[in-house]
Structures are given as C-alpha cells and as structure tokens.
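In what follows, a structure is listed as structure tokens, so that the remarks can point back to it.
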Amino acid sequence: MEKTKLRWIGIVVALLVFTGAGLSHISFNVDILKLLPTQLPQVKGLSLFLKHFAQPKELIVTIEAPTPEAADAAADALSAAFAKRPDLVERAVSHAPWEKKPADLSELLAYLVLNQPPEKIRALAASLSREQADATLKASMEKLGESISPQEVALLSYDPYNLAGVLNDMGFLSNGGQQSGFSSSDGTFRIVYVESAHSFANYKAAIAWVKEMRQLAHSTIPDQTIHLGFTGEPAFMADISGSMEWDMMSSGFATLLVIAFIFWLCYRRARPLFDLQAMLVLIFTLTLAAAGLFLNQLTVIGVGCAAIMIGLSVDYGYFVYQRSLRHGGSVSELQRQCVRNISWTSGTTAAVFFALNFSSLPGLSQLGNLVGIGVVIGAIVMLTVYARLTMRFHRREEARPPSVVERLFSTPGFWQKGAVFSAVLVVFLLGVLVVKGPPPPDFSARTLRPRNSEAYIALDRIYARLTDDRDMLSLIVAGKDEAEALKRLRTAEASLAAAEAHGDVKNSRTALPLWPVAMNQRTNLPLLAPLAAEITRLHGRAVAAGFKDEAFVLDESIFRQWAAWSTAPTPIWPANETSRWIFRRVASRDDGQFLALGMVTPMPGHEDALAARVQSDGAWLVSWNQLGRELRHVIPREFQHIIIALGAVVVLLLTMAFRSLRAVGLFIVTTTLVLACLAGAMSLLGMSWNFFNLAALLLLLGTGTDYSILLLLALTRNGGDAPAAQRELGLVICLCAFSASAGFGTISWANHIGLASLGQTCALGLVIDALISLFLLPRVWTLIHPKRQAA
Amino acid sequence: MRLLYPFLCLLCALPVFAGEPPDLAPVKKWLAKQDELHTVQADFTQTRSLRALRSPIATPGHIWFGGSDTLRWELGEPAKTIVIRKGETYFLIQPAKKKVERYKADSIARHGGAMGFAMMNFPIAKDFADFTRQFDTLAVSVADNRCHLEILPRDAQAKKMLEAIKIDFDTANGHLLAFELATRDGSSMRSDFTNVHLNQKIDRHVFDYDFTGYEIVDGKN
C-alpha cells in the first residue's frame, strides 16, 4: 500500500515537473510562412524579406488629422514624447532625416559617384581640371537657365561642377520631395516610425511594449479629432499573438462548457462530469506541456488544436463512461473491454495525424504532432485514470433510471426518423453539389490574416492614404558577399529589362544603383580623393563663374568625403544616419548574408510569367498575392497526395481491424459520401477552400472516421444486428460528434479567418459524418449482409 | 522629374488672408475673360533668380497656345528646350541631345511632375470656382490696369516648397503680363510676357515636330 502511494506521489511529481517545464517553453510564432512549404520560391523569398527588411522592432504610428498643420504638430509632439522615453524607444522619426540634415546627403552623393564606371569618373575628373573647370561651370550655368526640371535646377544650383551629372537615375534623391514615406500629399495623414529600445524576448514583451506606446501616444494626443493607428511588426506580433492566445484559451474553455452541458443533458450526473472535465484539463495541460518541450513555436494552426484535442479526447471518456454504466466487474476488466475500441480509434486517429509529418507543410506537421500527442495522452488518461474514477463512482451510486436522451436513443422510431432525415439531407446536399459545383478555391492572403486587427486596419489606411504596394512584387536578391549579390542584381536587372520589352513589367526599380561596386570604387578613389587638395581652386573658379559661396558647400563636402574614404577598405558603404535610413529598406547585411530589395510593378495578369522570367538562383520575385497564386497550384496537389497517403494508411489499419473487405469497402463509401456532402454544404453556405480548411479534410479523416469504425466494430461484435449496434453506440457517437463539433465550432469564431474556416468546415463535416455513420451506415450494412441479418 | 511635383502643385490653390479679405473681383473678371481665349502667341523672358547664384539668369522664349490641349513652348534662342503638348501627351524635347521625353498629361497632374510644365499652362483654372478650390489667395493689388495676384496652392507638398505664385495681368484686356514661381529658399523663376497676340490664327505646323533621329523615352514622374 505504502509502495503504491509512493509510486503515485512519484508520478504526480514527475508530471508536475514535466508540465512546468513544458508550459514555460510555450511560445507563439505569428509568421504565417512557418505553416507553408519552405521549398516554395514565394515562401523562401517572403521569409527572407520578413527576416531582413520587416524591421521587427519598428512600430509605425499613423496620424489622421483634419488639417495638415494639426497632423504635422501631432507628428512632432509624438516623436518628442517618444524621444523622452529612452527606456522604451531607441528613436522616433517623423520626418525624413535629410529634411533636418540635408548636408548628410553629400555622403550618399559621394558614394553614388564613387560607384560609377571608371570611364565616367575619368571624364568627371577631367571636367574639374584647370583646363576644363570654367567650361564645366559655364555648361552648368546654361543648364540652370534652360532646364524646366525644378529638380535639376535645385540640385545643379548647389552642385556647380555637376558631380551628380554622372548619375543616370536621380529618382531616389527626390523621394523626400514629393509624397514621402512620412506624409500623404495633402498632409493630413502622417506617419511616425518608432523603434523599440530593446528586442522583444517573446510575444508578451511585444504586447506590453505596444500597449505602453499606445498609452503614451494617446496621452500625448488627447484630441479626439486626431485619429491614431498602430501597425508594423511589433503591432502585428502583439495583435496576432494576443488573439492566438485568446482563441486558444476561449475555444478550449467554451468546448469544456459545451461538453459539460451535453454530458449533463444525457446522464444528469455531476461527479463523473466533474471527473471528465478534470481529465480533459489534465490532457490539455499535458499535451500543451509536451508541445512546449518537443515542438517548436506554436503556429496559428497549432492554436486551434486545443479545442480539437479536447473534442477528441472526450470521445474516449464518453466511451469509458458508457461502458462503465453496464459494467459490474473490476476496473481492470472495464479497461480490458474498452482498450480494443479505444486503441483502434485512437490508434488510427494518432497514426493519421502523425503521418502528417510526411507532408511538406510544416504547419500541418505541427498540427499532426500536437493532435497525435493529445490523442495518445487522452486515450491513456481515460483508460487508466477515468476508468478507475467511473467505477469508484458507480460503486457508490445506486442504479438510476435512464435519462430522457437515453430513452430516446432506445426508441426504434428515433432511428427510423433519423435515417429518413439523414437520407433526405444527403440527397439534398449531393443535389446542391451537382447544381452549384464544388466550393471555389481561395488562396489569397485574406485567409492568412486575422479578422479584427488594429494593425491591419492601420496598414489599410497607409495603403489608402500613402502608398499602396499590394500589386507590386518585391525583388529580393541574396548573395554570400557584395560581389555575388551584385552579380545576381545585374542578372535580375537584365531579366527585368527583357520582361519590360516583353510587356510583362509596367515599371521596376532595383537596388542596383545603390549597391557597392568594389572594383569601381577601387579604381575611382585614386582619381577622386586628390580633388580635396583642389578645393581652393575649384571654389574660386565657381565664385568667378557667378556662383555664391554657399553653392559650393555640397561639392566641397563631397570632395572631402572622397578624401576621407581614400584609406578605407572596399567595398565602401555609406554610414551616416540619412544613408542608413535610405539603405535599410533596400539593402541588408545580416548574418553573413547580403540582400538587396527592389520593387517591380507587373502588368496585370503577367505575374506568373514575370516571376518565371526573373526568378533565378538567389533572386526571388515575391508578394503575398503571388504567394496566394503559388499556393493555389501547389497546395491542392500536396493535399491530394497527403489525403491519398493517409487514406491508404487508414484503410490498411482497418483491414487489419475488420478483417472484412466489405466492411472496409463500406467505410470507404461512407467517407466518400461524407466528403461529397460536405462539399455540397460548403457550396450552399458560400464557403470556399483555403489552405486551412483543406487541413480540415485531414482532421475529418482522422476524427470523423472514428464513428464509422466504432459502428462497424459494433456491427461485427453484434453479429450484424444493426439496431443492437445503434443502441450500444448511438448515444456515445452522438456525444462524441457533438463534443467534437463543439470543439471545432468554438474556433469558428476565432479571430484568424483561416482558422475560423477550419473550425466551420470541421464542425460541419463531423455532423454530416455522425448522421451518415449513425443512421445510414447500419442500414446499408443490413442490405449488403442479408444472410447475417436473417441469422 | 519627381521634384517637379511641388512646383506643379502651385497651380492648385485658394485664398487665405488673415485680415481684410482681398478683393477678388479683378481675378474673377480675368478668369471669366480666359474663356474667350482661343489662341495665344507671345514672347517672354524668363528670369531665374537662384539663391545660389550671384546674379539672375535671363533667357528669351516663345509660347504658342492653340486652344485646349495644344501648346508649344520654347526656351532659349535658338531653342534649347521645347515642350509640345498634343492632346493628352506632353513632349519635352532637347534638340542638343536629340532626346524626347514623353509624359501623359493625367500622369503629370496625378504625380505632380507637371510643376515644370506649370509655367506654360493656360488657363491656370477653368473658372473662378476652380480657382478658389485650388488656390489660397495671398494678395491682390491693382495699379494702372495692372493687377498683381499672389496665390499659393492648397496642396500641402507644394506649400512646403513654394512661397507664392505671382501673376501679373492686364485688367483691361486680360493679357498675362508676368508669371513667377517663388520658392521658400528665396529663389524664383519669372516669365515676363511681351508681344502678346490673342485669338490670331496659328499655323498648325507650329505644333508638329520632326522626331527623326531622336531618342524617344517615357518620362518618369
């Protein structure tokens, strides 16, 4: 006795340690790309984009005010308020850095000239020589009188030697002049970029920081006519992680409540109900702990599994309880009676889910592992602990009269009406499928985002008021060093030029003009650096040509910059604040990887052709819309393969269990009918297929099939007596179906659109599955086994 | 051409006068008279007073306006820069470089690249309502049949760059006398018109240009 006690204490302590360690490791990954196959070019490219250019510490505060002056004042007030909190904010930027320090642009200009081909630089150096300097200044003066380009006039009047003239494309220098990344053209919409003082250790830290920033912003701008929005990576992380946490907890809790209600309705017994609830919480906690210890960060699909696991594990509890009601023997005898059914159903379910590891979709693999672990833990807990508790309860309880629901399930009329209703429903749904066709696919980015997210709302405002780049493609070029990235950039530029000639591209801009060209820099520096020694002469000639002293300031600082770089190792990158600001969205040098970012506007409908033309080794042309198009091709094929493979596994397991080809055939027909009816129901409700609810098919294959398996096993056990099998398992299957549907149903309201569609599809599928398995399958069994029925 | 935008936006603005509101009657009258304009030919001298230069640069030019959407504007003698508008397309021609840049009128209007083209836009507003919608009026003064108007576009980006647009016109016949863009850095670009001929027949060939041997590219706003 003492030994048993000690053993239990040991088990409890071990479980507590296991649970504590596991739960402390739980973390969420809001990156939707973690759900998708990493080998897809779009996934690879977008992952690189998010990793290197998404600015994980940068919150974007949007300001919408009635007047430009109010918006401007609010932007300045906010950046000042943020700057006063160095414990929270590293920097807050409300104006392009070059607006405050235009002189900083001289470094960038010096760098760009330095990057040019040496023949251009030789010509430039010659134009500054004693012989040609005056002619150069005269040409500049003429151009100042003739040009109708204010850009050219503005720059040239402060660049008398036309140093910038060697640059072909000056577009990037003027970005701040028109609609910038800071203000809409009418000035009533402004943006402040706020960088966190610290990296976020986890999603809770991001949530807390964003909350503090919101409070600070709202207390700084109490004016109700000025609307503030918050977006950017930390805001997304806070919004999505917060809603994932809420979805997980609320759906799990709601499922427990629904299960309690159903159980009470059927059995009207409080003690086994509490025990069952306690078991479900235990299973959920242990599974979550296991996930924390053995799996990577939880993705949005993994979150939905909490409710699903509870919905599935309760099946075994119902089964154990139902059997215990008619059991008069010992606990171990009850366990022996239950183990075959539970091991087959949980075994097939777990096998199906673990087999998802063969999928190339990491999201599905995680889903499979989580549910697989949960199902195994659920089966073990129900068989070992709950069976013991139910028997203890029955020993104390006196016999009770059957409940209304139990009486209903023993009435032949109920089964007859149920069969008619199910048959009519099946015919109706198949009719809908024939008339309306299967649900259309929807692999757009819409299904990858939350339903309600302030971060998305603010982002949509940026699209509407500032710049909408959703139709644009990002060109990401990577290399192990500057030279490799440069080579690939040139290849990509040539491909884009060919694509433009072919009519696939509206316009494009790559990082090539900004990328360092080490060889040019090495050749040009000896030509340009000595010009600093000529400053006095060049200044004097400029003044003599009609320029004021201030007109020479820019050129002078460029000459000095070249001199300063004369001993620097190449390739040279510009380093001041303005240059860093400009480069942070076009070039990245992290983790020994060099990446360049460009933007391409494709001709509508030419995206696929363009991607095929431009994408090459180390170059990706990506966008969320393009990802949707790629998924549309890849995912259905992938799911088709997985479903066939999993179907084969299930059929193999069932062949071993049933040892009857007819039973297996019946199972296949039932499952096919369920899927067809589900498709009809989805068409009727205007639903579409997406990445998430395609996963629902796999869940149905793993869970819904349990009902037909249980029924077929009961039919075999009862010698083909369909009414007996229905009486034995009708209530249990109903309970299971309702509980599992409740589990999925509760995530139908999840904030994540895709996850919600997964819940809706599964709930619908399970109800259909239960109706067909309970009411129609036994009838068909009777039809195809007339002899056994007669016997 | 991106920085053209702030200047072009000058064309769109209305009145903001803290004290006594300016008397806009001459402006109203002048704009109404613009409806009667079918053709315009004029010489002009463009004077650029740039803050970075010790003295202004003056360049002669000529303009032909042949009704809506038809224009030729030349700067320099011989012309170094020519702009021709035909329908919805502007051609910016640089004879010395044998180069033509092509711009869509709606794209210029949308992206603001048109500021450089603002100096050659007739009329500056469709009517008085359009004028008040686009511009703030800073000052109006009349002396000896010469009305001096100072306006500022309502567009926030243009306001950032511009101090004012200054227009002088003849109150008697509606002739445009001078047009000036004054920027906030203290520079200005002024065109003084002389030899103005209104509603006289213009040879349509004036609006043609032989692009043979020219490189034609789409201009970037």
Side-chain angles (χ1 to χ4, degrees), chain A residues 67-69 71-72 95 99 102 139-160 168-180 182-190 500 506-507 509 542-555, chain B residues 1-10 12 46-61 73-76 79-83 90 92 94 96 101 110-120 154-162 181 183 185 187 189 218-221:
Chain A
T67 63
E69 292 76 18
D72 202 34
H95 294 274
E99 282 182 29
S140 292
M141 199 62 92
E142 279 175 7
K143 213 176 259 180
L144 282 172
E146 293 156 8
S147 173
I148 70 155
S149 161
Q151 177 194 21
E152 191 174 41
V153 171
L155 187 59
L156 200 55
S157 62
Y158 288 93
D159 177 20
N168 292 325
D169 179 12
M170 298 297 298
F172 57 89
L173 283 178
S174 57
N175 279 349
Q178 59 161 312
Q179 192 181 67
S180 65
F182 292 87
S183 169
S184 62
S185 57
D186 69 357
T188 57
F189 184 84
R190 295 291 305 257
E500 197 163 355
K506 211 182 266 179
N507 57 59
R509 178 173 293 183
V543 171
F547 288 92
K548 288 184 186 168
D549 288 339
E550 66 188 84
F552 188 67
V553 172
L554 176 67
D555 285 358
Chain B
M1 295 305 289
R2 283 163 183 265
L3 281 183
L4 292 172
Y5 171 77
F7 296 102
L8 261 194
C9 293
L10 305 175
C12 333
Q46 191 171 87
T47 307
R48 298 183 178 191
S49 304
L50 303 174
R51 196 178 145 167
L53 300 187
R54 284 191 290 136
S55 49
I57 307 169
T59 315
W73 183 94
E74 291 183 358
L75 189 62
K80 302 277 180 59
T81 307
I82 302 168
V83 174
Y90 280 94
L92 170 60
Q94 293 169 282
E101 285 176 42
R110 205 168 48 246
H111 299 295
M115 263 334 293
F117 299 92
M119 300 176 288
M120 54 200 87
R154 287 189 151 192
D155 181 274
Q157 293 291 332
K159 271 186 187 173
K160 263 188 179 179
M161 305 287 291
L162 280 174
L181 301 174
T183 58
D185 76 340
S187 301
M189 199 181 288
D218 284 321
K220 287 178 184 168
N221 281 300

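Chain identifiers are assigned alphabetically (A, B, ...) following the order of the sequence lines, protein sequences preceding nucleic acid strands; residue numbering begins at 1 within each chain.
Residue contact with chain A, scored on non-hydrogen atoms closer than 4.5 Å, involves the backbone and the side chain of B/L53 alike.
Taking A/D549 as the reference, A/H539, A/V543 meet the side chain to side chain contact (heavy atoms under 4.5 Å, CB included) condition, with sequence neighbours excluded. Here A/E550 pairs with A/Y158, A/K548, B/R51 under the side chain to side chain contact (heavy atoms under 4.5 Å, CB included) rule; sequence neighbours left out.
The candidate with the highest count of non-hydrogen atom pairs below 4.5 Å against chain B, out of A/P68, A/G145, A/A551, is A/G145.
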- Query: Are B/R48 and A/L144 close enough, and set up right, to give a side-chain contact (heavy atoms from CB on, under 4.5 Å), and what steps lead you there?
  - Reply: CA-CA 8 Å; B/R48 298 183 178 191; A/L144 282 172; 5.8 Å; no

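Side-chain atoms of A/S157 never come within 3.5 Å of backbone atoms of B/A52 as a donor-acceptor pair (strictly under, hydrogens ignored).
Atoms NZ and CD1, from A/K143 and B/I57 in turn, are 13.0 Å apart once rounded to the nearest 0.5 Å.
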